[in-house]
> 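Attaching a single structure in structure tokens format; questions to follow.
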Amino acid sequence: MGTWLSFVTSSFAGPVCLAVTVAGLVLSAIAWRKRGVRAGIRGVAWSLLPTVAWLTHALGALGRMVSALVQFASGFVFSPQTWVGVILAGVAGVLFLTSGGIPLLRWRRRRRSEVRGRAGRGADSADAPVHSARERPAVQAPANDDLSDVKDILRRHGIS
């Protein structure tokens, strides 16, 4: 049994978790005063987690997860076979991306070019919607005359 797991099963786990929670609550009160209510409440939430883990007996599961993660990482870092696999996965990813292998990205590009194409054709296009006299959309000012309102205001005040 590892050091972590022996700590979790010992009688020291409860007092240590309570001490960490109390220290966190003190720091949360300081944060509340200096940085505001939001930071204080967030600190209280984080501070309660060690005691919650102890009371729900989740420390053992957490210890096993951390132990498994450390074993995986140490086997990963020191294994040449694993690094060859990582390099090959990177090469495969680069080849996949350069070949245009992601359909979603292709769909987005195609959709973007269709939207640009419609915008470039203008209102006299064959597929432009036809409106009756009642439904006719409001006439918009030409795109090159965006500042006409500003120019009118300046002219009224004698500024050219």
Side-chain angles (χ1 to χ4, degrees), residues 1-123 125-131 135 137-138 140-141 143 146-147 149-150:
M1 181 162 41
T3 306
W4 173 258
L5 295 177
S6 64
F7 168 75
V8 169
T9 58
S10 73
S11 61
F12 295 114
V16 169
C17 288
L18 288 173
V20 170
T21 296
V22 169
L25 291 173
V26 169
L27 293 173
S28 298
I30 294 170
W32 191 308
R33 284 184 165 194
K34 288 188 176 186
R35 290 188 277 153
V37 174
R38 203 168 166 199
I41 291 173
R42 190 178 305 122
V44 169
W46 280 106
S47 299
L48 293 175
L49 291 180
T51 301
V52 167
W54 174 64
L55 290 173
T56 59
H57 304 289
L59 283 177
L62 181 65
R64 286 189 293 276
M65 285 189 285
V66 168
S67 177
L69 186 64
V70 167
Q71 285 177 352
F72 169 76
S74 64
F76 185 79
V77 170
F78 299 115
S79 170
Q81 179 182 359
T82 305
W83 281 107
V84 170
V86 168
I87 291 168
L88 287 177
V91 168
V94 167
L95 290 174
F96 187 67
L97 290 173
T98 57
S99 69
I102 300 178
L104 180 62
L105 292 178
R106 225 177 317 154
W107 176 82
R108 283 184 184 166
R109 266 191 241 119
R110 185 172 56 238
R111 178 79 177 140
R112 199 176 300 138
S113 65
E114 287 174 2
V115 169
R116 284 183 190 146
R118 281 190 214 133
R121 285 192 293 236
S125 175
D127 60 347
V130 178
H131 299 283
E135 306 175 329
Q140 295 177 354
D146 287 343
L147 300 175
D149 294 338
V150 175

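Everything quoted here is computed from the prediction, not taken from an experiment. Below, each value reflects all heavy atoms present in this structure, side chains not excepted, and no hydrogens, waters or symmetry copies.
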> What is the minimum heavy-atom distance between W32 and V37, and which atoms define it?
NE1-CG2, 3.7 Å
> For V94, check side-chain contact (heavy atoms from CB on, under 4.5 Å) against everything at least two apart and list the hits.
T98
> Show me the pairs that pass side-chain hydrogen bond (donor to acceptor under 3.5 Å, both in side chains) and involve residues 36-52, at least two apart or across chains.
T21-T51, S28-S47
> Return each pair, listed once, that meets side-chain hydrogen bond (donor to acceptor under 3.5 Å, both in side chains) where at least one residue sits in residues 81-91; pairs must be two or more places apart or across chains.
S79-T82
> Listed by chain and number, what are the side-chain contact (heavy atoms from CB on, under 4.5 Å) partners of R35, not counting sequence neighbours?
A31, A39
> Enter the distance from L49:CG to T56:OG1 here, rounded to the nearest 0.5 Å.
10.0 Å
> Only counting residues at least two apart or in another chain, list the ones meeting side-chain contact (heavy atoms from CB on, under 4.5 Å) with S74.
none
> Would you name the heavy atoms of C17 and W54 that are closest together and state the gap between them?
SG-CB, 3.8 Å
